[in-house]
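None of these values were measured; they are calculated from a predicted model. All values below were derived from every heavy atom in this structure, side-chain atoms included, with hydrogens, water molecules and symmetry-related copies excluded.
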Amino acid sequence: MDESDDLLEDARRARWTAAGTGAALTLAGIAAALLRLIRSAPALVPAAYAGGAAVCAAAAVLGSRGRTRRALWLLIAGVMVMALGDQFD
């Protein structure tokens, strides 16, 4: 195995990690939005969770296409949006 094979393996691992993390955070955001929607919470709370989940879904798509740096920043932004929604609860 030479250095180029190691780089390809690292890139493949980064794509899978970004896509998997984005998908997991998307599902968590949707579940939290649905739970907050069922309970009596301000309308901004489930909207923030759903918005954060949408951003994480976009990150999963970007990560699967090899744009891992942008996917990482979108994952951070999506989690921050969800955390902001948690502050309104």
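Rounding to the nearest 0.5 Å gives a distance of 4.0 Å between CD1 of I76 and CG of L72.
Nearest heavy atoms, L62 versus R70: CD1-CB, 4.2 Å. The minimum heavy-atom distance between A71 and A18, with the atom names listed, is CB-CB, 4.1 Å. For V81 against A48, the heavy-atom pair with the smallest separation is CG1-O, 3.3 Å. Closest approach of R65 to R15, counting heavy atoms only: C-CD, 4.4 Å. Residues V55 and L74 come closest through the heavy atom pair CG1-O, 3.2 Å. Taking every heavy atom of both residues into account, A60 and A19 meet most closely at CB-O, 3.7 Å.
The side-chain heavy atoms of R36 and L44, taken from C-beta on, include no pair separated by under 4.5 Å. The side-chain heavy atoms of D5 and E9, taken from C-beta on, include no pair separated by under 4.5 Å. Residues L75 and C56 form a side-chain contact, since some pair of their non-hydrogen atoms from C-beta on lies under 4.5 Å apart.
Residues M80 and W73 fall within the same hydrophobic cluster, defined by Ile, Leu, Val, Met, Phe, Trp and Tyr side chains chained together at heavy-atom separations under 4.5 Å. Taking hydrophobic clusters as Ile, Leu, Val, Met, Phe, Trp and Tyr residues chained together by side-chain heavy-atom distances below 4.5 Å, L84 shares a cluster with Y49.
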